[in-house]
Amino acid sequence: MSGFCEALGAFLASPASASWRDLSVFRDGTVAHVCAAVDAERAAGHVIAPAPERFLAALALTPLDQVRAVILGQDPYPTPGHANGLAFSYVGPPPLPRSLVNIYKERAEDTRLAAPAGGDLSSWAKQGVLLLNTALTVREGATQAGSHLKLGWRMVTDEILSAVSQRRPHVVFMLWGAPAQAKRALIDEHKHLVIASAHPSPLSARRGFFGSKPFSQANEWLTAKGQQAIDW
């Protein structure tokens, strides 16, 4: 089975990385160092999510020069089989992850759109919504949420967010949960919109995620800036 370092090499050699590979974290070995740490965890017997070939899916599907919105969560789903490299997205049989159920509840309340049957959010990614987590990997298991937050991903996702803030003209940043909100200082709020709220997890959604109306706020702001609304 290929590892994370091998998957990183394949990503950097592919056309999908063209807009991201000049970031210093890819050029100076930072991402490679974190991938080596993740591979060491796998060698020690831990099961890591998402699969190696999926951990950079958010960057592969949403080029830097096309980012119009960022949804930032904490880390991938730790439930076996749930994570697919796009924050909050899920491809699999019912039931949906509970955080995604809550996202769909807020989406329905905010936009009057009915909840879809599946959890695949790649259509958002293809419209320029960067579905990113503050950590790109996690150990699988019911008690493992946050297990890779200190593994080294902070420098990587900090630079990704800084690059979006610096290089894109008008982006909506949705920061869901405390680890995501800790990144707020990286964003130039003179030219971007920040929508910060609680995480959609069942543990926190009622403490500020429900009622935050992120989807309508995003589209109102984008259209006011002369950009196309996102089809949520």
Non-neighbouring partners of Glu220 that pass side chain to side chain contact (heavy atoms under 4.5 Å, CB included), sequence neighbours left out: Ser216

Spatial distance of atom CH2 (Trp176) from atom CG (Asn133) [nearest 0.5 Å]: 11.0 Å

Non-neighbouring partners of Arg154 that pass salt bridge (Lys or Arg N to Asp or Glu O under 4.0 Å), sequence neighbours left out: Asp158

Contact check, side chains of Asn102 and Phe88, non-hydrogen atoms, under 4.5 Å: no

Donor-acceptor contact below 3.5 Å, side chain Glu106 vs main chain Lys213: yes

Residue list, side-chain hydrogen bond (donor to acceptor under 3.5 Å, both in side chains) with Ser24, at least two apart or on another chain: Glu159

Gap separating the OG atom of Ser162 from the CG atom of Leu23, nearest 0.5 angstrom: 9.0 Å

Asn219 side chain to Ile230 backbone, donor-acceptor under 3.5 Å: yes

Transitive ILVMFWY side-chain link Leu86 to Val67, under 4.5 Å: no

Considering all heavy atoms, the nearest Ile160-Leu132 contact: CG2-CD2, 3.9 Å

Crowding at NE2, His46 (>12 non-hydrogen neighbours, <6.0 Å): yes

Check: Leu100 and Leu121 side chains under 4.5 Å, non-hydrogen atoms: yes

Trp232 backbone acceptor or donor facing Gln127 side chain under 3.5 Å: no

Pairs satisfying ring pair (Phe, Tyr, Trp, His ring centres under 6.0 Å), at least one member in residues 89-122, at least two apart: His82-Tyr90

Sequence neighbours excluded, every pair satisfying ring pair (Phe, Tyr, Trp, His ring centres under 6.0 Å) that has a member inside residues 3-32: Phe4-Phe55

Under the side chain to side chain contact (heavy atoms under 4.5 Å, CB included) test, residues paired with Glu140 that sit two or more places apart: Val47, Ala49, Pro80

Common cluster, Val156/Leu64, ILVMFWY with side-chain heavy-atom separation under 4.5 Å: yes

Rounded distance (nearest 0.5 Å) linking atom OG of Ser165 with atom CG of Leu186: 8.0 Å

same_hphob_cluster(Val164, Leu175) at 4.5 Å side-chain heavy-atom cutoff: yes

Minimum heavy-atom distance between Ala198 and Arg207, given as atom pair plus value: CB-O, 3.8 Å

Side chain to side chain, Lys105 and Phe210, heavy atoms closer than 4.5 Å: yes

Side chain to side chain contact (heavy atoms under 4.5 Å, CB included) evaluation trace for Val70 with Val129: CA-CA 5 Å; Val70 177; Val129 182; over 6 Å; no

Selection residues 186-202 - residue pairs positive for side-chain hydrogen bond (donor to acceptor under 3.5 Å, both in side chains), sequence neighbours left out: Arg184-Glu189, Asp188-His190

Side chain to side chain contact (heavy atoms under 4.5 Å, CB included) partners of Leu193, counting only residues at least two apart: Val172, Ile195, Trp221

Whether Arg206 side chain and Pro202 backbone form a donor-acceptor pair below 3.5 Å: no

Minimum heavy-atom distance between Val138 and Pro78, given as atom pair plus value: CG1-CA, 4.0 Å

Pairwise distance OG1(Thr137) to CZ(Arg42) - rounded to 0.5 angstrom: 10.5 Å

Point-to-point distance, once rounded to the nearest 0.5 Å, from CG of Leu151 to SG of Cys35: 9.5 Å

Validation row: Leu61, Leu131 side chains within 4.5 angstrom (heavy atoms): no

All salt bridge (Lys or Arg N to Asp or Glu O under 4.0 Å) counterparts of Glu41, not counting sequence neighbours: Arg139

Spacing of CE belonging to Met155 relative to OG1 belonging to Thr30, to within rounding of 0.5 Å: 4.5 Å

Partner set under side chain to side chain contact (heavy atoms under 4.5 Å, CB included) for Asp120, not counting sequence neighbours: Ser89, Val91, Ser122

Joint hydrophobic cluster, Trp124 plus Met174, side-chain heavy atoms closer than 4.5 Å: yes

Single-linkage hydrophobic cluster, 4.5 Å side-chain cutoff, Phe215 and Val101 together: yes

side-chain hydrogen bond (donor to acceptor under 3.5 Å, both in side chains) contacts touching residues 50-79 (sequence neighbours left out): none

CZ (Arg167) with more than 12 external heavy atoms under 6.0 Å: yes

Which atom of Pro214 lies closest to which atom of Asp110, heavy atoms considered: N-OD2, 3.6 Å

pair Leu161-Ile187: side-chain heavy atoms closer than 4.5 Å: no

Nearest atoms (heavy-atom pairs only) where Ala180 meets Gly73: CB-O, 4.1 Å

Flag for Lys183-Thr134: side-chain donor and acceptor within less than 3.5 Å: no

Under the side-chain hydrogen bond (donor to acceptor under 3.5 Å, both in side chains) test, residues paired with Arg98 that sit two or more places apart: none

Nearest non-hydrogen partners of Ala135 and Pro76, listed with the distance: O-CD, 3.3 Å

